Each structure stands twice: as structure tokens, then as C-alpha cells.
Asks: 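Take this structure, written in C-alpha cells, and hold onto it; I'll ask about it next.
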Amino acid sequence: MALTDGDLQAIWLTVRLAGIVTVILLLVGTPIAWWLARTKAWWKGPVGAVVALPLVLPPSVLGFYLLLAMGPDGPVGHLTQTLGIGLLPFTFWGLVTASVFYSLPFMVQPLQTAFEAIGDRPLEVAATLRASPLDAFFTVAVPLALPGFLTASILTFAHTVGEFGVVLMIGGNLPGETRVASVQIYDHVEALEYAQAHQLAAMMLVFSFLVLLGLYAWRPNPKKG
Amino acid sequence: MALTDGDLQAIWLTVRLAGIVTVILLLVGTPIAWWLARTKAWWKGPVGAVVALPLVLPPSVLGFYLLLAMGPDGPVGHLTQTLGIGLLPFTFWGLVTASVFYSLPFMVQPLQTAFEAIGDRPLEVAATLRASPLDAFFTVAVPLALPGFLTASILTFAHTVGEFGVVLMIGGNLPGETRVASVQIYDHVEALEYAQAHQLAAMMLVFSFLVLLGLYAWRPNPKKG
Amino acid sequence: MANIQARFQLDWPGFTLDIDLALPGRGVTALFGPSGSGKTTLLRCVAGLERAPQGFLSVNGEIWQKDNYWLPTHQRPLGYVFQEASLFPHLSVMGNLCYGMKRSANVQASALDKPIELLGIGHLLDRKPDRLSGGERQRVGIARALAVNPRILLMDEPLAALDIKRKQEILPYLEHLHDALDIPILYVSHSPDEVARLADHLVVLEGGRMLANGPLAETLARLDLPIRLGEDVGTVLDAKVGAIDSDWHLARVDFLGGSLWAREHGIPIGRHVRVRVLARDVSLAQQAPGQSSIQNVLRGRVDAIGNDGHPGLALVRVRVGDSMLLARLTKRAVAELGITLGQELWVQVKSVALME
Amino acid sequence: MANIQARFQLDWPGFTLDIDLALPGRGVTALFGPSGSGKTTLLRCVAGLERAPQGFLSVNGEIWQKDNYWLPTHQRPLGYVFQEASLFPHLSVMGNLCYGMKRSANVQASALDKPIELLGIGHLLDRKPDRLSGGERQRVGIARALAVNPRILLMDEPLAALDIKRKQEILPYLEHLHDALDIPILYVSHSPDEVARLADHLVVLEGGRMLANGPLAETLARLDLPIRLGEDVGTVLDAKVGAIDSDWHLARVDFLGGSLWAREHGIPIGRHVRVRVLARDVSLAQQAPGQSSIQNVLRGRVDAIGNDGHPGLALVRVRVGDSMLLARLTKRAVAELGITLGQELWVQVKSVALME
Amino acid sequence: HSEKITVAAASDLKFAMDEIITAFKKAHTGDEVDVVFGSSGNFHTQIQQGAPYDLFFSADINFPRELVKGGFAASEVKPYAVGRIVLWSASLDATKMTLASLTAPNITRIAIANPKHAPYGKRAEEALRASGLWEKVQAKLVYGENIVQTAQFVQTGNAQVGIIALSLAGSPELAPKGGYWLIPDNLHKPLEQGFIITKHGENNSLAKHFADYMDSSPARIVMAKYGFVLPGEVSKK
Ligand SMILES: Nc1ncnc2c1ncn2[C@@H]1O[C@H](COP(=O)(O)OP(=O)(O)OP(=O)(O)O)[C@@H](O)[C@H]1O
Ligand SMILES: Nc1ncnc2c1ncn2[C@@H]1O[C@H](COP(=O)(O)OP(=O)(O)OP(=O)(O)O)[C@@H](O)[C@H]1O
Ligand SMILES: [Mg+2]
Ligand SMILES: [Mg+2]
């Protein structure tokens with residue numbers, strides 16, 4: 001199987017994008033999910049619903065709105081320009097931003113469920129053992145929710161790998177910068193280069209299969225031992 | 001807000017599609033998730049990985065492969081023709097089939113995690129109370145995994161609503177038959193009919209927000225009472 | 001033959017169960033043994049929750065496990081009270097109670113009335129388990145297991161979290177149950193009191209093996225095992241209610257060898273009862289005792305003298321007629337009284353417990 | 001003042017907690033009461049796991065709750081043994097034990113050695129909790145709570161799932177602990193034995209309210225409460241080891257009013273001890289008893305006569321010197337002996353338990 | 001009796017086709033004409049798999065040619081227009097620009113359609129190469145999935161200029177938003193567009209009528225109005 005340089009570049013970009021998005025979402029989504037799982041505030045409902053909303057818009061339409069928002073006249077664009085970051089569209093970090101936004105529900109929803117399943121008792125026990133809430137969160141809630149983290153990360157990672165509607169819109173298909181593998185495959189198909197599309201797709205599938213298989217083999221059950 | 005007939009038709013089609021897909025996936029995904037959560041077979045890992053695979057392909061590429069498979073020369077196409085169903089592409093049921101395939105991981109993954117979190121004890125108790133495994137599944141495992149079912153259904157439903165790459169490819173954008181709201185919005189945006197796109201998108205968002213809000217408000221905690 | 005045959009071998013890292021047991025097919029068998037000795041594991045094997053390869057189990061003629069045959073748990077007509085109450089968290093108390101009942105043959109809804117009343121859970125029926133106290137959960141767990149009309153009851157420390165008063169209400173019910181239903185009960189307990197009161201048969205486990213297995217009275221009178229019962233070592237006599245003194249609320253029970261006065265519980269004259277005599281309640285004297293608050297005085301002959309758990313203490317077995325009593329004395333008393341095998345003595349029994 | 005002040009009110013559907021308590025700032029306070037009486041809830045309020053609005057709590061001078069002030073649980077220097085062991089399922093036994101220890105000031109790793117040995121969990125350190133037996137889990141829970149160097153210990157039926165032998169190993173350790181550490185222990189137990197043995201102070205709860213609250217000896221001698229202790233009603237005497245008979249492994253303990261012989265436990269002469277005398281072990285006689293295996297005979301005066309749980313039984317309180325003993329007799333014996341208030345009698349004590 | 005056709009048309013035909021169909025329907029009351037816009041490549045794949053389109057208007061004449069070769073067509077390929085590309089901007093005055101202006105430093109992003117598969121993108125690349133600008137501006141290029149997305153990059157201001165279809169730049173939606181400069185057609189190969197009647201439309205007389213109507217003067221006027229050069233005509237400079 002001979003992949004072109006472009007293919008390899010695209011794969012590398014994809015792995016980097018999905019990895020970074022997953023890490024960022026772990027950081028961003030976890031507190032949101034934790035809050036949703038434990039709060040009794042009335043606005044828990046609205047917040048939970050808003051988090052899931054990006055899902056219902058078609059990706060390229062969402063991409064269009066993000067393009068508007070992040071463009072020179074959009075609010076995000078104003079912000080990034082004021083901060084001296086410049087404009088995000090057509091950059092790798094623009095892709096990251098858009099994907100984070102778009103994949104948020106895939107991280108938050110499974111985590112929320114996992115956190116809810118823990119119940120109060122382990123955290124109470126931790127408190128009687130001198131663990132501050134933050135400490136207990138990291139040493140008790142997170143390990144107990146590990147299968148939830150795995151599910152959330154798989155969904156987020158895979159979804160970011162596969163997504164291309166938003167990516168095309170925000171990324172502008174720049175080789176080495178925003179042309180990720182999904183876009184590359186799409187381009188191959190559009191250009192009727194089926195052999196190359198098949199090859200790259202097969203390669204992605206095999207690679208993803210191995211990664212997923214590894215995750216499954218290792219799939220933790222924190223309660224068994 | 002004045003939606004065109006086409007918009008209304010598209011919305012109705014979307015709700016129908018997402019609803020049917022969610023129901024089918026509840027039926028199909030639940031046993032898979034249950035099996036994955038409880039089996040100790042070595043091929044649990046490979047199966048689990050395969051279930052998650054559709055995620056990593058870009059939707060329109062996946063759609064392309066599905067189109068080939070379900071077309072007159074594809075294996076699925078051969079099958080459906082032999083069964084006298086005819087060909088699936090460019091029909092509503094073709095859309096359903098493709099979406100089921102594509103959204104499978106969103107159903108299976110959260111369910112698997114939820115089932116795993118139940119542990120053995122409740123099922124052991126059920127067995128000592130004369131419940132057959134099937135009975136225990138419905139009367140113990142399912143109620144205890146209810147938050148997982150909710151998460152899975154939300155992700156599946158919303159994802160089916162938002163998806164259009166696969167839908168466009170398999171469905172062919174036929175009004176009243178396969179032109180769902182996501183495609184309709186996409187068309188509006190492509191036609192630079194922004195006002196209409198905004199309107200339909202806003203409408204979808206509001207509608208989805210209300211549905212999600214309702215789900216959240218009702219969000220069950222089977223263990224509290 | 002109506003009995004229970006069980007043969008299980010399990011090998012876990014750090015623990016091996018190796019049991020070959022024959023138990024009577026009715027009555028209460030107490031499983032006694034230190035923490036980690038395999039009591040729960042044994043019950044789980046019987047229930048089919050743990051699968052001991054090549055094990056064998058037959059219950060009153062029905063084979064539940066043999067070679068590769070394996071009757072799944074839900075087809076075994078048993079009731080199981082788990083060590084931790086293990087209520088269904090998604091069901092109310094009532095939902096928990098009805099769960100097994102609805103799935104059992106020949107059970108009317110009214111079958112719940114008695115357990116609910118007796119276990120004092122009537123006011124909790126609508127609650128979810130997370131709003132119950134520890135003891136309340138345990139009581140619901142007991143009622144739930146009783147409601148399935150089981151043909152064998154497996155109870156893993158069912159009364160551990162309950163207060164004495166409640167225990168004293170439940171114990172007679174369990175006693176009654178086993179008389180009325182005529183089913184075997186395997187009963188794990190750390191309480192010698194409960195064991196002595198309920199059990200007909202005693203199995204002592206340690207480290208996954210059987211130390212002793214036999215009828216209660218016989219096993220309790222064995223001098224080589226007493227330490228395990230601690231303060232509550234004693235014997236059980238089979239007796240009959242001979243007279244009732246209703247003024248003083250006392251009942252005279254007659255056994256092979258004499259009579260004793262015990263607190264009366266409304267048991268009619270002529271009824272067979274069991275009388276539990278703790279070694280600590282028995283004292284021995286050379287001369288006939290003078291008037292004292294100890295009203296039960298018997299004549300007996302020293303049958304055996306053994307050590308008790310403490311080096312200062314001795315257990316003396318005294319034969320009274322055909323029955324055996326144990327007395328716990330200090331060794332100094334044994335010496336001062338010059339107690340020797342075969343000697344005739346006065347036996348004073350301060351208090352006896354009467355069980356139906 | 002070094003003590004515990006607690007005032008909690010909670011209103012739940014079906015249950016109201018209404019407690020206003022002052023407890024000594026050291027020693028063991030037993031919480032006693034039927035299932036569902038609010039014992040666990042009270043402990044949870046003290047630990048800060050349940051928030052009683054407008055409650056008040058001060059522990060040895062430090063205020064933990066007052067008006068709107070609220071010290072979070074993790075800042076309260078307490079050790080908590082939960083009613084269900086509640087081990088962290090994701091950590092090994094060792095991980096569970098170390099969890100609190102690592103987060104506590106002034107604790108060396110060696111602090112675990114003693115509890116691990118005593119609780120017999122040394123061979124389990126690498127196991128995950130799902131592979132432990134019920135009693136093993138409970139023991140790990142106890143060790144875990146002890147390892148945090150607490151300034152107050154809250155123990156919710158810590159020994160309920162343990163066998164007698166194990167209990168008898170752990171109890172002296174807990175006794176020692178409370179002597180050595182000088183911290184208050186709130187101890188929920190259904191076992192009068194444990195209560196009598198460990199407690200200095202007794203709180204009796206029922207339906208969320210306090211029925212009694214006072215020093216152990218005093219509260220145990222109250223004739224209006226005895227039924228709650230069932231068979232194990234008795235009194236506790238403060239005494240001193242006066243002599244040791246090492247041939248017979250007996251110790252003479254002297255108290256205000258006389259001496260008693262008890263089994264010896266290696267407690268040196270001159271040491272203060274507590275002596276528990278159960279009402280069931282005490283008999284009364286008009287004439288000086290002849291030679292019998294009962295070696296403890298005292299002279300006392302009838303102080304009060306009350307009812308016991310059973311209509312055929314009476315509790316007689318006898319003053320021996322400055323101390324009180326309870327004797328359980330049948331009412332018939334009371335009548336036959338003609339026991340009246342103020343009467344002088346011989347008091348025979350068959351056995352006493354000595355506690356350090 | 002009434003008939004129904006479904007027309008699959010390349011996105012760049014959106015405005016012209018809507019108007020043509022409206023006119024066509026007036027002449028054929030009672031008949032139904034559905035139109036689906038999308039990517040020519042997708043339609044090409046879908047028709048091979050039996051999509052129920054009766055006519056296929058491609059932005060790139062190669063797609064219908066291949067379909068004819070593969071036996072998926074019921075007619076010859078009929079060229080219906082030649083597309084033109086323009087330099088378009090929403091933020092600058094593109095009417096005063098030429099391709100050479102693209103090197104100006106204030107232009108940091110130039111949007112073109114993906115030359116790999118979008119016909120307008122290919123022509124844009126050719127034009128840039130022919131002007132010797134390709135190497136100089138390549139670093140500034142961003143690629144739209146299709147010509148509409150390319151226009152959107154410009155419209156939202158994320159790219160200062162773009163090379164898009166004349167038909168789009170002159171559309172009622174975009175015309176008010178900015179000006180354009182027509183790129184001379186000698187800089188690139190002609191962007192030939194053609195349509196076919198598919199096998200699906202073989203026996204549909206309405207499809208034939210519609211195909212014929214495309215040659216009628218009302219249709220040609222509309223096409224010309226939207227900036228398409230018609231077959232057989234010379235482009236206005
Ligand atoms: N979350 C709750 N909501 C409402 N009622 C509750 C809740 N938790 C406990 N209760 C009730 O409060 C009462 C006291 O419970 P608590 O757990 O304090 O009892 P307890 O004295 O510890 O009993 P046990 O000996 O059975 O453990 C019980 O009647 C119980 O049903
Ligand atoms: N899943 C398991 N894997 C390995 N060892 C186990 C497992 N479950 C229990 N054990 C061990 O088997 C032994 C017997 O456990 P079991 O639960 O039968 O004890 P038990 O007699 O019921 O004790 P307790 O009175 O404490 O409940 C214990 O030493 C325990 O550590
Ligand atoms: Mg056990
Ligand atoms: Mg409690």
C-alpha cells in the first residue's frame with residue numbers, strides 16, 4: 001500500500017487534531033459533566049440541553065455559523081483579534097476550536113451518566129478520610145468513572161476523526177494545516193480517485209480498529225480485581 | 001416566522017427519520033451493548049471495536065461506500081433485490097438503514113457503560129427471586145441503566161437529526177422522500193438563502209432545545225426516591 | 001431420601017473451599033465460623049450463584065448440580081437473604097417485596113401481610129431503598145426472600161443489623177416458619193444465641209473446610225469446640241411442657257432426667273419444646289443448696305471435665321438422667337469442690353431459655 | 001469545656017430527628033436504639049454528611065456547626081466507620097487503608113501495622129474489595145478509619161458482621177485505643193455486650209428522640225429501661241485489681257463494697273478496671289450459701305424492685321457497699337424469698353467480666 | 001395526464017435553473033418539476049447507482065460524458081453553457097482589480113474552489129498559472145469544497161477575494177454584496193457544461209420537453225442573464 005505524502009500528512013494532522021480535541025474536551029467537558037451530574041440548580045436542565053444542541057445542526061451549516069462567528073466581523077473574531085491571536089478560520093487552531101465546540105456533547109453526555117452512576121457514598125467516604133472535594137474528585141470520582149471516560153473519549157476522538165463538514169468550512173482544505181484525512185478521502189472520492197480513497201479509508205479503518213481494539217482490551221473495570 | 005411547505009415537509013421527515021432510527025437502534029443496539037457488557041469471550045474486543053468503526057469515516061465517504069453496497073451491484077443491493085424489497089438507495093428506508101449503521105456507536109457505547117456499571121449483584125438477586133435472565137434484563141438491568149438509555153437516545157436522535165453527509169449521498173435529496181431538514185438547511189445555505197437557512201436552523205434549535213429540556217427535566221435517577 | 005447432599009470445591013487465590021456435606025432435609029442448619037471461613041461462598045454455591053466445577057448438589061431428592069448438569073439459579077426454588085440487603089434500588093419497598101412474589105407459583109398477595117407486620121416495615125412500603133436505615137433494609141430483604149414460597153431458605157446473617165427487641169420478635173417467627181413450612185433453612189450467624197435458639201443442626205466451618213457437622217445438641221456438647229461459642233456455650237435439651245404456673249408466669253418443662261422452671265411464653269401443656277441451658281448459668285454444689293433465688297436444682301453425675309477458652313476456667317459436663325448439661329466453673333472451684341469424674345452433685349440452674 | 005455539644009433537627013417525610021445532646025469529650029459513648037431510631041442519621045450529622053439547618057455542634061471546644069457556619073466534612077478531624085463497609089471499589093485493601101492516612105497530619109505509615117495485624121487483614125492487602133467476605137470488608141473499614149489519627153471516632157455498628165472470637169480480639173484494642181488516644185468515640189451497637197464492655201456513656205434513641213443520656217453505670221441501673229438490653233442487662237462497677245491468683249488464673253477485684261474473683265487477663269495489681277456484672281449472673285439467698293461452684297458471695301441490701309421484660313421476671317437492685325448490682329429473679333423467687341426493700345441478703349455472683 | 005421529472009443540477013445553476021423551471025412550468029401546468037442542486041461528482045456517482053434523476057446538468061462536461069460511456073444516459077451529452085470565472089470580493093473593490101492585484105500584501109487569503117475536483121477550481125488554477133501568479137499566491141489560497149463555499153469564504157470576510165463563478169457573482173444574492181472582475185477566458189480552458197437525459201428519464205416525455213426547452217430562447221435569455229456563455233456564442237468581453 002503506497003500512501004502519498006499528502007495522505008501521510010493528512011493522517012498525521014488527523015491524529016493530532018483528534019488528540020488535541022479529545023484532550024481539550026477532557027479538560028473542558030469533565031467539569032461541565034461533573035457539574036451537571038451533581039448540581040440541583042434549576043438551570044441544570046437548560047445548560048444540559050444547550051450542551052447537546054450543536055449535535056442537531058448539520059455540520060456544514062454549523063460550520064457556516066462558526067465561520068461567521070470567527071470571521072473578522074463575528075464576535076469570536078473580534079475577540080481573537082483583540083487578543084492578538086488573529087483570525088481562526090483556515091488555521092489548525094480554528095479547526096480545533098470548531099471541533100471542540102462540535103464534539104462537546106460526545107464528551108459531556110457519557111461522562112455525566114458515569115458520574116451520576118457513582119452515587120454519593122464514595123464521595124462521602126472520601127470526605128471522612130480528609131479528601132477535599134477536588135481531591136475526592138480526582139482520586140475517587142475519576143477512577144470510578146473510568147469506563148465513562150473511555151466511552152466519552154472514544155466517541156469524541158472517533159467523531160473528530162470522521163467529521164469533515166465543519167472542518168471543510170472552517171479549515172479551507174489547506175494541506176499540512178487543515179487538510180485532515182477525512183477531507184483527503186473526500187477529495188479522493190470527489191476526484192473519482194477511488195483507488196486512493198479506498199486505500200486511505202482502509203488505512204484509517206485498520207488504524208482505528210487497532211486503536212479501538214487496544215482500548216477495549218484494556219477497558220478498565222475499576223471495581224473488579 | 002414563515003416556513004415554506006418544503007421546510008415543513010423536511011422537518012416532518014427529519015423527526016420521522018430520527019425517531020425511527022432511534023427506535024431501531026434501541027432494539028438493535030441494546031442486545032449488542034448488553035452482550036458487550038457481560039460477555040467474557042475474547043472476541044468481545046474486536047466486536048466492540050467494529051461497532052465503533054463507522055464513526056471514523058467521513059460521513060459522505062461512508063455514504064459513498066454504503067451507496068456502493070446498497071446499489072444494484074453491491075452485496076446489500078443483491079440481497080434486497082432477492083428479497084423483493086428492491087433497492088434501498090434514494091428511498092426513505094435506505095436513509096433509515098444508513099443512519100442506523102452510522103449511529104450505532106452512539107447507541108451502543110453509552111449503553112455498554114451503563115450496563116457495566118450495574119454490576120452483578122442486582123442480577124443475582126433477581127435470579128434468586130425467580131427472574132429468568134431475560135426477565136431480569138427487562139425488570140432490573142433496563143431500569144437501572146435508564147440514564148444510559150437516555151444519553152444513548154439523545155446522542156442517537158440528535159446525531160441523526162444533524163447528519164447529512166450520509167443522508168445526502170444515500171438519499172439523493174428527494175423532496176418529501178429523503179430531503180430531511182439538515183439537507184434542506186444545507187441547500188438553503190448553498191443557495192445563499194441565508195434568511196431561510198437561519199429560520200429553519202433556529203426552528204430546529206428551538207425545537208430540539210425544548211425536547212432536550214424536557215428530557216432533562218424528566219431525567220430519571222432510578223436510585224433516588 | 002429427603003436431605004441435602006452438597007459437594008463443592010473451589011480454588012481461589014488465597015482461599016480454597018472444600019466441602020462435602022450431608023444435611024437434614026428439614027429444620028434449621030446453622031453455618032458457623034469465623035469471618036472469611038467460606039459461609040457466604042457455600043450459600044452462593046447452593047444458590048447457583050457461584051459455580052463450583054464438578055460439584056454435586058441435591059436438595060430433597062432433586063438434583064441441582066451434577067457433573068455438567070446445572071440448574072440455573074432462577075429455576076431453583078429458593079429464598080436468599082443476602083449478607084448486604086441488596087435491595088433493588090430502582091424499586092420501592094413494595095416493589096422489592098412483590099418482585100419475587102409475582103414470579104413464584106402458589107403465592108397469594110396476602111402472603112406478604114404477615115412478614116410485613118412482623119418485620120415492622122408497613123410504614124415503609126412506598127419508600128425507595130436509599131431512604132431506609134440499615135436495619136430497615138435488612139428487614140425488607142428478609143421479607144422479600146420469605147415471599148417467594150421457597151423450598152429452601154438461605155439466610156446470610158439476616159439479623160446482624162437488628163436490635164435485640166426486633167430480633168426477639170423475628171426469631172419466633174422464623175422458628176414458626178420452619179415448623180410450619182417444613183423446609184430446610186441454611187442460616188449463617190455469628191450469634192450463638194440465634195444459633196442455639198433456631199438451629200437443629202450445626203455446621204462449623206474454618207478456612208473453607210468443615211470442622212464439625214452434626215445435630216445441634218450433640219455438637220454443642222462437644223468439649224473440643226466450645227471456644228467458638230464464647231460466653232454462650234451451653235446445651236439444648238428436648239423437653240415437654242409439664243405444668244404452667246400462671247400466677248408467676250412460669251412453665252415447668254420436663255426432660256429425661258428432671259424438670260426445670262422457665263419463663264412462660266404461652267406454650268400449652270404437653271407441647272414439645274427446646275430448652276437452652278448456658279454453661280454460665282449452671283453452678284454445682286456438694287450439699288443441697290439452701291433457699292436462694294435459684295429455683296432449679298437437679299441431681300447429676302460428672303461426665304467429663306474439659307478446658308474452656310480461658311486458662312482459669314473449666315467446662316464440666318454433667319449427666320442429668322439421660323440429658324447432658326454443661327457448667328462453666330473456675331478451675332479453682334473445680335479443685336475446691338474436688339470435682340471428679342463420676343461424682344454425684346447438685347446442679348443449680350439459674351435461668352433457662354425456652355424455645356418452641 | 002472539653003465535651004461535645006450537639007443540637008440537630010431534621011424533618012424528613014416519616015421521620016424527625018430532634019436531638020439536643022451534651023456528651024463527654026472523651027471515652028466511649030454508646031448509641032443504642034431500635035432500627036430506624038436515627039442512630040446513623042445522628043452520626044451523619046456529626047460528621048457533616050447530613051446538614052441539619054440551624055444545628056449546632058461543638059467538639060471539645062471547636063465549633064463545627066453554628067448558625068450558618070459549617071465546617072466541611074473533610075476538615076473535621078474524624079474517623080468514620082460506615083454501617084456498610086463502603087470501601088472504595090477501585091482501590092485495593094492497601095489503597096483503601098492508605099487513602100485517609102496519606103491525607104492526615106502526624107501519621108506514620110507504621111500506624112497501620114497494629115490495626116492490620118489485629119484485624120487480621122494482612123493477607124488481604126492486595127485484594128480488591130469485591131473479593132472480600134462481608135466481615136473482611138468491615139474489618140478493613142475499621143482499620144481505614146483508625147488510620148487517620150482522628151480526634152473523634154464515629155463507629156456505626158463496626159463489629160456487626162464479625163464472629164465472637166474476632167470481636168473478642170478487637171474489643172480490647174478499641175478499649176485500649178480509647179484509653180491511649182483520649183478521644184471521644186461515638187459507637188452505635190445493638191450488642192449490649194459491646195456496649196457494656198466499651199461504653200462509658202450511654203445514649204438511648206427512639207424515633208429520632210433521646211430517651212436517656214447518662215453515664216453507663218447509672219443508665220444501666222435504671223429500672224425503667226432494662227428491656228432494651230434484654231438478656232444482657234447488668235451493671236458496671238469501678239474497681240481495682242487487688243490480688244492475683246496465678247495458679248488458678250484468677251484476679252481479685254476490689255470495689256467499694258467488697259471484692260469479686262474474676263478471670264485474670266494479665267492486668268497488674270493496682271490497675272483500675274471495670275467489672276461488668278450481668279443481672280442474670282446474680283442470685284440472692286437468705287442464708288449464707290454452702291460450698292458451691294459459685295465463689296463470689298457478697299452481703300447487700302435491697303434498694304429497689306422493678307419489673308423486667310417478661311411478666312414472670314423481676315429485677316432487684318441491691319446496694320453492696322456504695323455500689324449497685326442488679327439481680328434478675330423470677331417473681332416467684334422474689335415472693336418465696338420474701339424480698340422486701342431494705343432487706344439484707346446474700347448476693348451470689350456466678351461470673352463477672354473484667355474490662356480494662 | 002400529468003408527468004413528473006426530477007432534475008439534478010450543479011450548484012452553480014441554482015439561480016438560473018429556478019427561473020427556467022418557473023417559466024417551463026407555466027408552459028406545462030399540471031406537470032411537476034423537482035430540482036435538486038448539488039455536487040456534480042456526487043450526482044455522477046448516484047446516477048451510476050440508479051438515482052431517480054431524469055436529467056443531469058453537470059458543471060463539468062466530463063461527468064455526463066462518462067455516464068454516456070457507461071450506458072447510464074438516454075441521450076447524447078448536450079452542452080448547455082460555458083462557465084466563466086471572476087475575481088470577486090466583498091470587502092475590496094474587485095472591479096478595479098486584476099489577477100496581478102492578488103499579490104498585494106493586504107490580501108492574505110484568496111479563496112478558490114478545490115482544483116482537485118471542482119471544475120471552477122481547475123479553471124481558477126489554470127488562470128493563475130497562465131498569469132504566472134500561481135507560485136506567488138499559493139500560500140494565500142484556501143480551498144472551498146465547491147464554488148458556493150468558496151463564495152462564502154469571501155462573503156464572510158475570512159478571505160478578501162475569491163475566484164468564483166460569474167453566475168454566482170451576478171446572482172441576486174451576491175450582486176449587491178460586492179463587485180467582480182471577469183477573468184479573461186483565454187487564461188483558462190473553456191469550462192464546458194453539459195447535460196444528459198438519464199436512463200431513468202428515458203421514457204419520460206416531460207424530460208424530453210425540458211431538454212428541448214433548454215434550447216429555446218426564453219431559457220437562453222435566462223442563462224445569459226446569469227452570466228453563462230451559451231454554446232455557439234462568443235463571450236462578451
Ligand atoms: N434520605 C432519607 N429520607 C427520608 N427518610 C430517611 C432517609 N434516610 C433514613 N431515613 C429514615 O430515617 C430513620 C432513621 O434512619 P437511621 O438510618 O438514622 O436509623 P438507624 O437508627 O441507624 O437504624 P438502623 O439500626 O436500622 O441502622 C429511618 O426511619 C429511615 O427510614
Ligand atoms: N471473588 C473472590 N475471589 C477470591 N477470593 C474471594 C472472593 N470472594 C471471597 N473470597 C475469599 O473467600 C473467603 C471466604 O469468603 P466468604 O465470603 O465465603 O466468607 P464468610 O465466611 O462469609 O465470611 P464473613 O463472615 O466475613 O462474611 C474469604 O477469605 C474471601 O476473602
Ligand atoms: Mg459472609
Ligand atoms: Mg443505621
Side-chain angles (χ1 to χ4, degrees), chain B residues 4-6 9-10 58-78 80-81 86-92 94-95 98 164-180 183-197, chain E residues 4-18 32-39 41-54 56 70 72 90 117 144-152 154-156 164-165 167-177 198-200:
Chain B
T4 65
D5 277 359
Q9 207 176 35
S60 73
V61 174
L62 187 71
F64 171 70
Y65 286 121
L66 287 176
L67 187 60
L68 291 186
M70 305 197 317
D73 305 322
V76 180
H78 277 299
T80 53
Q81 281 177 312
L87 289 171
L88 288 175
F90 316 116
T91 67
F92 180 74
L95 276 199
F164 84 112
V166 172
V167 163
L168 200 58
M169 201 60 158
I170 296 291
N173 202 350
L174 304 175
E177 174 89 4
T178 61
R179 185 179 290 168
V180 294
V183 171
Q184 178 86 346
I185 302 180
Y186 174 77
D187 277 357
H188 282 315
V189 171
E190 286 288 288
L192 310 178
E193 298 165 355
Y194 295 134
Q196 290 175 50
Chain E
K4 181 186 168 194
I5 51 170
T6 305
V7 178
S11 301
D12 67 329
L13 279 173
K14 164 76 186 164
F15 304 100
M17 189 57 81
D18 277 347
E32 237 185 290
V33 182
D34 278 337
V35 61
V36 174
F37 298 100
S39 137
N42 279 358
F43 287 140
H44 164 253
T45 308
Q46 287 173 325
I47 287 165
Q48 285 179 327
Q49 300 300 324
Y53 305 133
D54 301 295
F56 169 36
F72 298 100
H117 55 75
E145 177 203 343
N146 55 36
I147 201 64
V148 173
Q149 197 177 79
T150 309
Q152 283 167 341
V154 180
Q155 191 190 0
T156 56
I164 65 174
S167 58
L168 263 183
S171 74
E173 309 291 337
L174 288 191
K177 304 254 165 65
T198 67
K199 265 265 167 335
H200 189 269

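Remember, it's a predicted structure, so these values are computed and weren't measured experimentally.
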Asks: Quick one: what part of B:D187 sits under 4.5 Å from any heavy atom of chain E, side chain, backbone, both or neither?
Replies: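 Side chain of B:D187 only, per the 4.5 Å heavy-atom cut-off to chain E.
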Asks: Is there a side-chain contact between B:L174 and E:T6 in this structure, where contact means two heavy atoms from C-beta onward sitting under 4.5 Å apart?
Replies: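 A side-chain contact under 4.5 Å exists here.
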Asks: Pick one of side chain, backbone, both or neither for B:P175, based on which atoms fall under 4.5 Å of a heavy atom in chain E.
Replies: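 The side chain, not the backbone.
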Asks: Relative to chain B, which of E:Q155, E:Q48, E:Q149 shows the most heavy atom pairs under 4.5 Å?
Replies: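 Result: the option with the highest number of such pairs is E:Q155.
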Asks: Quick one: does B:Y194's side chain have a donor or acceptor within less than 3.5 Å of a partner on E:E173's backbone?
Replies: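 Pair absent, no side-chain N/O of B:Y194 close to backbone of E:E173.
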Asks: At a heavy-atom distance under 4.5 Å, which candidate from E:F43, E:Y53, E:F37 has the highest pair count against chain B?
Replies: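 With the most close heavy-atom pairs to chain B, the winner is E:Y53.
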Asks: If I compare all heavy atoms of B:A191 with all of E:F15, which pair ends up nearest, and what's the gap?
Replies: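 Minimum heavy-atom separation between B:A191 and E:F15: O-CZ, 3.5 Å.
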Asks: May I ask you to test the B:L87-E:Q49 pair for a side-chain heavy-atom distance under 4.5 Å?
Replies: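 In short, these two side chains do not touch, never coming nearer than 4.5 Å.
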Asks: Under 4.5 Å, counting heavy-atom pairs only, tell me which of E:L174, E:I147, E:T45 racks up the most with chain B.
Replies: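 Between E:L174, E:I147, E:T45, the count favours E:T45.
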Asks: Grab the two heavy atoms, one from E:V35 and one from B:R179, that are nearest each other, plus how far apart they are.
Replies: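 E:V35 and B:R179 have their closest heavy atoms at O-NH2, 3.3 Å.
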Asks: Could you tell me whether the side chains of E:N146 and B:E190 share a donor-acceptor contact shorter than 3.5 Å?
Replies: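 Per modelled atom types, E:N146 and B:E190 side chains form a pair under 3.5 Å.
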Asks: Taking side chain as everything from C-beta outward and backbone as N, CA, C, O, which of these in E:L168 sits under 4.5 Å from a heavy atom of chain B? Side chain, backbone, both or neither.
Replies: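 Just the side chain, heavy atoms under 4.5 Å.
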Asks: What pair of heavy atoms forms the shortest contact from B:N173 to E:V36, and how long is it?
Replies: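 Closest pair (atom of B:N173, atom of E:V36, distance): O-CG2, 3.3 Å.
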Asks: With a 4.5 angstrom heavy-atom cut-off, is it the side chain or the backbone of E:Q46 that approaches chain B, or both, or neither?
Replies: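 Contact with chain B is through both the backbone and side chain of E:Q46.
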